[in-house]
Trainee: 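Structure below; questions to follow.
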Amino acid sequence: MGEYERQAALVAWRYTAAALVLGVAVLRRIAEGKPPLTVTGVEELCQEPTLAATGALSGAGR
């Protein structure tokens, strides 16, 4: 894999991971009847998560 492909994959991972974490958080809040996320909460969720954090979303960490 060349440098361009590696960088493209890294950027794709960052956006995909952030979207996954944010989407699951929003759906959980809706399902649990919690109030909407704050701006700070969204910003925190959109930071690049670790693989462990995304595994915890699927229930693997439970």
Side-chain angles (χ1 to χ4, degrees):
M1 182 182 307
E3 181 64 21
Y4 176 79
E5 290 86 2
R6 191 179 74 76
Q7 289 295 325
L10 185 59
V11 168
W13 160 251
R14 287 180 179 154
Y15 282 100
T16 302
L20 171 72
V21 170
L22 181 59
V24 170
V26 168
L27 287 175
R28 281 185 176 170
R29 292 184 80 79
I30 291 170
E32 295 171 1
K34 293 183 177 179
L37 290 168
T38 63
V39 173
T40 304
V42 172
E43 289 172 350
E44 289 173 1
L45 287 171
C46 288
Q47 297 300 313
E48 183 179 359
T50 63
L51 288 175
T54 55
L57 291 174
S58 67
R62 293 182 207 170

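Not measured: the values here are computed from a predicted model.
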Trainee: Who are the salt bridge (charged side-chain N to carboxylate O under 4.0 Å, His left out) partners of Glu5, not counting sequence neighbours?
Mentor: none
Trainee: When you group the ILVMFWY residues by side-chain heavy-atom contacts below 4.5 Å and let the links chain together, are Val21 and Ile30 in the same group?
Mentor: yes
Trainee: Listed by chain and number, what are the salt bridge (charged side-chain N to carboxylate O under 4.0 Å, His left out) partners of Glu3, not counting sequence neighbours?
Mentor: Arg6
Trainee: Each residue besides Val39 in its hydrophobic cluster should be listed here, by chain and number; the cluster joins Ile, Leu, Val, Met, Phe, Trp and Tyr at side-chain heavy-atom distances under 4.5 Å.
Mentor: none
Trainee: Do Leu27 and Leu45 belong to the same hydrophobic cluster, where Ile, Leu, Val, Met, Phe, Trp and Tyr are linked whenever their side-chain heavy atoms lie under 4.5 Å apart, directly or via other members?
Mentor: no
Trainee: Could you work out, with side-chain contact (heavy atoms from CB on, under 4.5 Å) as the rule, every residue matching Thr38, not counting sequence neighbours?
Mentor: Thr40
Trainee: State yes or no: do Tyr15 and Leu20 share one hydrophobic cluster built from I, L, V, M, F, W and Y residues joined by side-chain heavy-atom distances below 4.5 Å, directly or via other members?
Mentor: no
